[in-house]
Amino acid sequence: MEGNKNGSMWLDDLGNPIQAHGGMITRFGDLWYWYGEHKGADNCPGTSRVDVIGVSCYTSRDLLTWHYEGLALKADPDHPSSPLHPSQVLERPKVLHCPATGKYVMWFHADSPDYTRAAAGCAVSDTPTGPFTFLHALQPNRFDCRDMTLFQDTEGRAWLVHSGNWNKTLYFSRLTDDYLGFTGEVYPALIDQEREAPALMAWEAKYRCITSGCTGWAPNTALVAQSRFLTCGWKLTDAPCTGPGARQTFGGQSTYIFKIGQVPYLMLDHWNPKSLRDSGYSILRIHMVEGRMEIPWQDTFIPDTSSL
Ligand code: DGJ
């Protein structure tokens, strides 16, 4: 089987570059879905910002051949004050299926070009491909929301996990049972440790959270934190990447962890800040060795679907 070359742009089934940055891969039913930022336009001159286009959705049966389903959430050029207006910033979209309502719920980092809005945007759809309807952009529990992800814990509760307090601290903000708002429960973690790009997984009796440091678009050392509870006890333990290039996370930055069966994989973005549309992707297998994460570089992503 020929895999996709890690660290480069990947093409969809029609030969077009996949535009799904800061994204996630998940499985709904018998299909894999890849959501991410569509950055398929030139950077605005002199900036590392691309006008908001929307959130792409791709589907696949084998995690190698991806079919573009269109924009699951579209920019809103008609309303200048909308967080979805092209002049704004939309990053790191993530989608969960809500068991209580049967809806698909998307949250994303909704910001202004100077990163002072620092909100979490929410949209909802009856189907995984959308179109998602934008509901609101909020500061969770009055904290700023910057890099973020969604996570369903082992008890089925959903959390928005976001860098806040100007990236100093990571916050775990519990979502309501319909996943559309916040319960008011919020737990700070890794206080003053300045981590971003969170990507989580549950493994045996502990949660793991990979984050990057805060160096803008430039790569730095990914670190893993672990805790028995989402709500407390997080400790940064180790750098999980191994081998040449590990100190720079192989030139990438974490965005999501998904599992194929029981096997976890880390998704990375390889940002090209001068031309964000050309930013590449990697998907690296996470090896769990006596409870420790080890992530060596792999030239190609070849999914192991034998356990499905
Ligand atoms: C690093 C973040 O991880 C990206 O998502 C993006 O927000 C850039 N910072 C902006 O500089």
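These values consider heavy atoms only, across backbone and side chains, with no hydrogens, waters or symmetry-generated copies. Quick note: residue numbers are just sequence positions, from 1. No experiment lies behind these values; they were computed from the predicted model shown.
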Please determine, by modelled atom types, if [X] and [Y] share a side-chain donor-acceptor pair under 3.5 angstrom.
{"X": "D278", "Y": "S275", "answer": "yes"}
{"X": "N220", "Y": "T215", "answer": "yes"}
{"X": "N141", "Y": "S173", "answer": "yes"}
{"X": "H79", "Y": "S81", "answer": "no"}
{"X": "R146", "Y": "S163", "answer": "no"}
{"X": "Y281", "Y": "H21", "answer": "yes"}
{"X": "S60", "Y": "H67", "answer": "no"}
{"X": "E69", "Y": "T59", "answer": "yes"}

Could you walk me through whether W10 and L64 satisfy the side chain to side chain contact (heavy atoms under 4.5 Å, CB included) test, starting with their C-alpha distance in whole Å, then the side-chain angles of each, then the deciding distance to 0.1 Å, before giving a yes or no?
CA-CA 9 Å; W10 294 359; L64 289 175; over 6 Å; no
Would you find a donor on one side and an acceptor on the other, under 3.5 Å apart, between the side chain of [X] and the backbone of [Y]?
{"X": "D269", "Y": "W271", "result": "no"}
{"X": "Q226", "Y": "V224", "result": "no"}
{"X": "N4", "Y": "F301", "result": "no"}
{"X": "T221", "Y": "R247", "result": "yes"}
{"X": "Q253", "Y": "A218", "result": "no"}
{"X": "D147", "Y": "A197", "result": "yes"}
{"X": "D192", "Y": "K168", "result": "no"}
{"X": "Q298", "Y": "R285", "result": "yes"}
{"X": "S56", "Y": "Q19", "result": "yes"}
{"X": "Y35", "Y": "P128", "result": "yes"}

Is the terminal nitrogen or CZ of R61 (NZ for Lys, CZ for Arg) located under 6.0 angstrom from the six-membered ring centre of W32 and within 45° of that ring's axis?
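No, cation not above the ring by the 6.0 Å, 45° rule.
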Inter-residue atom distance [X].[atom1] - [Y].[atom2], 0.5 Å rounding:
{"X": "L150", "Y": "K94", "atom1": "CG", "atom2": "NZ", "answer": "8.0 Å"}
{"X": "N167", "Y": "D144", "atom1": "CG", "atom2": "CG", "answer": "7.5 Å"}
{"X": "L63", "Y": "I283", "atom1": "CG", "atom2": "CD1", "answer": "7.0 Å"}
{"X": "K274", "Y": "D42", "atom1": "NZ", "atom2": "CG", "answer": "15.0 Å"}
{"X": "C241", "Y": "I286", "atom1": "SG", "atom2": "CD1", "answer": "9.0 Å"}
{"X": "T149", "Y": "I257", "atom1": "OG1", "atom2": "CD1", "answer": "9.0 Å"}

So [Y] and [X], do their side chains get closer than 4.5 Å, heavy atoms only?
{"X": "F143", "Y": "P188", "result": "no"}
{"X": "Y33", "Y": "V95", "result": "no"}
{"X": "Y256", "Y": "Y265", "result": "no"}
{"X": "I295", "Y": "I210", "result": "yes"}
{"X": "Y115", "Y": "V89", "result": "yes"}
{"X": "R208", "Y": "K206", "result": "yes"}
{"X": "L276", "Y": "N43", "result": "yes"}
{"X": "M201", "Y": "M293", "result": "yes"}

Side chain to side chain donor-acceptor pair (under 3.5 Å) involving H109 - partner list, sequence neighbours excluded:
E91, D111
I'd like to know whether N6 forms a side chain to side chain contact (heavy atoms under 4.5 Å, CB included) with D299, so could you lay out the CA-CA distance, the side-chain angles of the two residues, the decisive distance to 0.1 Å, and finally the verdict.
CA-CA 5 Å; N6 278 327; D299 284 334; over 6 Å; no
Closest heavy-atom contact between [X] and [Y]?
{"X": "I260", "Y": "D304", "value": "CG2-O, 3.3 Å"}
{"X": "F132", "Y": "T129", "value": "CE1-C, 4.4 Å"}
{"X": "S254", "Y": "S212", "value": "OG-N, 4.1 Å"}
{"X": "T211", "Y": "P198", "value": "CG2-CA, 4.0 Å"}
{"X": "L96", "Y": "A158", "value": "CD1-CB, 3.8 Å"}
{"X": "F134", "Y": "G121", "value": "CE1-CA, 4.4 Å"}

Does the pair D51/R49 count as a salt bridge with the N-to-O cut at 4.0 Å?
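A salt bridge links D51 with R49.
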Aromatic plane relationship, W107 with F182 - under 30° parallel, 30 to 60° tilted, over 60° perpendicular
tilted
L71/V55 under side chain to side chain contact (heavy atoms under 4.5 Å, CB included): CA gap, chis, key distance, verdict
CA-CA 5 Å; L71 291 172; V55 177; 5.9 Å; no
Membership question, hydrophobic clusters at under 4.5 Å side-chain separation (ILVMFWY): are [Y] and [X] in the same one?
{"X": "L31", "Y": "Y68", "result": "yes"}
{"X": "L175", "Y": "M148", "result": "yes"}
{"X": "F108", "Y": "W34", "result": "yes"}
{"X": "L268", "Y": "M9", "result": "no"}
{"X": "L73", "Y": "I25", "result": "yes"}

Could you check R292 against E290 for salt bridge (Lys or Arg N to Asp or Glu O under 4.0 Å), going step by step and ending with a plain yes or no?
CA-CA 6 Å; R292 228 168 6 95; E290 292 171 4; 5.4 Å; no
Among Ile, Leu, Val, Met, Phe, Trp and Tyr joined by side-chain contacts under 4.5 Å, find the other residues sharing a cluster with L170 and list them by chain and number.
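Reading the cluster by chain and number, L170 sits alongside F151, W159, V161, F172, Y187, L190, L200, Y207, L223, L230, W234, L236.
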Quick one: do Q88 and R117 satisfy side-chain hydrogen bond (donor to acceptor under 3.5 Å, both in side chains)? Show the steps, please.
CA-CA 9 Å; Q88 301 303 293; R117 185 198 298 267; 3.2 Å; yes
